[in-house]
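Below, read A as the first sequence line, B as the second, and so on, with proteins coming before strands; counting in each chain starts at 1. Only a predicted model underlies this, so the values are computations on that prediction, with no experimental measurement involved.
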Amino acid sequence: MTKVTLTVNGRTVSGDCEDRTLLVHFIREKLGLTGTHVGCDTTQCGACVIHMDGCSVKSCSILAVQASGSTITTIEGLAGQGELHPVQAAFKEHHGLQCGFCTPGMVMTAVDMINREGGKLTEEKVRAGLEGNICRCTGYHNIVKAILAADAEMASGRQAAE
Amino acid sequence: MGVEGIGARVTRKEDKRFLTGKGRYTDDMIVPGMKYAYFIRSPHAHATIRSIDASAAKAMPGVIDVLDGKQLQADGIGNLICGWMIHSKDGSPMKMGAWRPLAAETVRYVGDAVAIVVADSAGEARDAAEAVVIDYEQLPAVTEAVAALAAGAPQIHPEATDNLIFDWQLGDPEATDRAIASAAHVTEIEIHNNRLSPNPMEPRATLGIYDSAEDHYTCYTTSQNPHVARLVMSAFYNVAPENKLRVIAPDVGGGFGSKIYIYPEEIVCLWASKKTGVPVKWTSDRTEAFLTDAHGRDHVSKVKMAFDADNRITALKVDTIANLGAYMSLFSSAVPTYLYATLLSGQYAIPAIHANVRTVYTNTVPVDAYRGAGRPEATYLLERTIETAARELGVSPAELRRKNFIRTFPYQTPVIMNYDAGDYEASLNAAMQAADWSGFAARKAQSEAKGKKRGIGMSCYIEACGIAPSAAVGSLGAGVGLWESAEVRVNAVGTIEVLTGSHSHGQGHETTFAQIIAGRLGVPIESVNIVHGDTDKVQMGMGTYGSRSGAVGMSAVVKALDKVEAKAKKIAAHLMEADEQDIVIENGEVKVAGTDKALPWFQVALAAYTAHNLPAGMEPGLKETAFYDPANFTFPAGCYIAEVEIDPETGETDIVQFVAADDFGNIINPMIVEGQVHGGLAQGIGQALLENVQYDESGQLLTASFMDYAMPRADDLPSFKLSHQNTPCPNNPLGIKGCGEAGAIGSPPALINAITDAIGNNSLTMPATPMKVWQALHAAH
Ligand code: FES
Ligand code: FES
């Protein structure tokens, strides 16, 4: 057992885990944050995407002990209590989710995409950027629409702020 | 149409919890004292079990117990069953081989469950499983249905000679043969429908909790139909009587058919919870999902379509071999029979049809319903055949279809179905216009100038949804009735709970079902809650599949709501001293028509519960239940057009346009319906271009991960162009037909017709991978 200490959604948390424990299992089972999902065992589906030190990471592809000391945001911490981040709001508005299982990973990937390329996203870029996230329900049509809408909205928000 | 009522694009009530990580899926359940199960599975496609030695494993850290099939049998747990009886044409019943939840003597596919380890952690359970020594004696295996029927093939179940489960037919063989013999033209084609893995993104999971004080079981499970699960586990598997078994299907992350069935894991975890005295949870990993979730499709068919000199179809003859895998799954026998051959008339008036279907055991994962279930197989066969005929006859594919469309309704096909309403030409015209069909030649020339091959293809599908009239399916062999139940519970303050036997696993029932109530009563949608997925809360239900939630589930809600309204009107008439006939309910008020007399909805509800002043003899309360048994299937139909550009150097297909024109009857929420079509299209396109379950000759599954099985990803797909036509269904109160499967049914033939058009070679099987397309293209030139 090794002690792991992380800052998760703004709070410092620590817990013991086996060396082989994946970060996603630590988040789900030790921290009880079950919004981060496991959809595969080969790092293909993206249901487990979180942000680690500001970048999107598949939390099934990293050990909890490797993540020790880092700052993590999960889907539960993306917006304030009872609020929706603009990307979450756009997914609702454009029906970018059905069963909701891929959704946390999709949203975290989308936020990262907008953080990196905000204002410059195109349908093609969004589709390419979703390469590591699989959705079986939506055919991606409305996910792409939602991400482009959120990007436009966030870009106009930035402009207004400038 | 109100802002929140029927026909409105209401955003979903359930979204917030999913978007903020607050969904509650089965694997999210963590209960005190819970332990983890790991299933030990056969690594062989076919073998006998000589011995199992778990002594070393039981001594390992964290291990609670290791349990096997002999113990399960000793405790009287029953075998898994197929719930739809099919008789062969010689009158003999289908040959159902035993499927034990844990195999005790013989394993019949890679992944067949043999034993279960229960331990403190999932890791410890997996470690201990490695230490269980199982001595197998390998037997020869067979994975292809055609090979399994051949003389000398390995025998999989003693009950089924030559691995034949049944040899069934539908239609008139003599009339069909006569029409073919006298035809002006006969198109012949062999059709393969590739085997698929459903792959909902949430893997299956179950949590079994036994309470010894009450001798009661609770089963959390990833199910599309928790009540059916409870019924089957009680009546057939002997887990517990229904009153001692609660099944809860909480948020479920997609199903597509694969979560209809009751699998060994639910049964075994419940039993193991009693044996070990602790709650036992199992969560499938993705590899296990590929190895154990029921697969879909896997048909091989020979087809003859006959035409007269005027290009009218005179007959269709189909000979199909369907692979059902190693065991008969719950609805497996219905899929290649009554959900398939009954749709072989398509949208066309065909005087004579004959289908012969042989189903076969192989050493592969059991095959059952997957999105569309039989209907995609029928549509693919028919739409590739008619397209091929158009090419052979030298007529346009649209004109050949148009000429043969059914135009008067109701229409009785020669294969049981009675189509109630439709306008096939409307969808064809809408699709051709949206696709700019007439501009195709110019676009093709542009592609050619760039050295690319361009093709266009269509498909006109029909499906049967809203399953199904109970007496009709009963007479065809179904073990259950396919009605639905609902309860509309008005609280004393006027808010409303709707309890439904339908189950939502992505379809948005919490919104659409609430829209019906909000629209009818004029109350805010927030005041309506939908309750589903728990056998302790909802009286009974048959679950969600075959687009039955709208046509059947919502109809039950409407029926219960009718009763609630009738009672509310009686109460209001009494309170306002008016005639009951004059009472109307609108905008959240119960009014006397033509006057300014009105009571707010909540006040009528309150009056029902205070019961201080009710009409003489009326029971207090405002809560009604209903069971709705549909009068017929519903028949959604439409036309899809795919346009592709192919790179002759690489064989890669680019879908440059995909048009879907669907007639779903009335629509409750267009946003949700479009989402269903998008998702169906992605799965159909996946089948046509990417997905394929592949076994090697020894029966090892080669495609058991997302690295080997090509799931459609965002950059494999275009954005889609959709439109809706509407001929309301005359057979249910809402006039809806259902939309869940259409995309997956109509898209594969449209795409393959487009690709074969582009490359000028009709010999192409799905999935049309770049390699296959390249080979077909170069074989043609
Ligand atoms: S669970 Fe991490 S990529 Fe699938
Ligand atoms: S919404 Fe179900 S997998 Fe994406």
With respect to chain A, which residue among [options] yields the maximal number of heavy-atom pairs within a distance under 4.5 Å?
options	result
B/I30, B/T283, B/I672, B/D251	B/I672
B/T287, B/V252, B/L681	B/T287
B/S705, B/P712, B/G743	B/P712
B/A122, B/G253, B/S284, B/G23	B/G253

Looking at [X] and [Y], would you say the former's side chain and the latter's main chain have a donor-acceptor pair under 3.5 Å?
X	Y	answer
B/R286	A/G39	yes
A/Q98	B/G508	no
A/R136	B/P200	no

* To do: Tell me, for B/I685 versus chain A, whether the close heavy atoms (under 4.5 Å) come from the side chain, the backbone, both or neither.
  => neither
* To do: Answer with side chain, backbone, both or neither: which region of B/E674 has an atom nearer than 4.5 Å to a non-hydrogen atom of chain A?
  => neither
Is there side-chain contact between [X] and [Y], with heavy atoms separated by less than 4.5 Å?
X	Y	answer
B/D27	A/R28	yes
A/C40	B/M711	no
A/E76	B/T20	no
B/M201	A/C45	yes
A/E123	B/S719	yes
A/E18	B/S121	yes
A/C137	B/F256	yes
A/H95	B/R12	yes

About how many Å separate [atom2] of [Y] and [atom1] of [X], when rounded to the nearest 0.5 Å?
X	Y	atom1	atom2	value
B/D15	A/K92	CG	NZ	5.0 Å
B/E202	A/C102	CD	SG	12.0 Å
A/C99	B/E14	SG	CD	11.5 Å
A/D41	B/F706	CG	CZ	8.5 Å
B/F18	A/M106	CZ	CE	15.0 Å
B/R17	A/T103	CZ	OG1	11.5 Å

* Structure fact -> Under 4.5 Å to a heavy atom of chain B? For A/V38 that would be backbone
In terms of heavy-atom pairs under 4.5 Å with chain B, which of [options] leads?
options	value
A/L97, A/T36, A/L78, A/N142	A/L97
A/L130, A/I75, A/I134	A/I134
A/T21, A/T138, A/V144, A/T74	A/T138
A/R20, A/H85, A/H37, A/H94	A/R20

* **side-chain contact (heavy atoms from CB on, under 4.5 Å) evaluation trace for A/N133 with B/R713** => CA-CA 8 Å; A/N133 292 73; B/R713 302 194 188 227; over 6 Å; no
* Parallel under 30°, tilted from 30 to 60°, perpendicular over 60°: which one fits the rings of A/H141 and B/F720? -> parallel
* Indicate, with yes or no, if the rings of A/Y140 and B/H678 have centres closer together than 6.0 Å. => no
* Asked: Nearest heavy-atom pair of A/F101 and B/Y25: which atoms, and what distance?
  -> N-OH, 3.3 Å
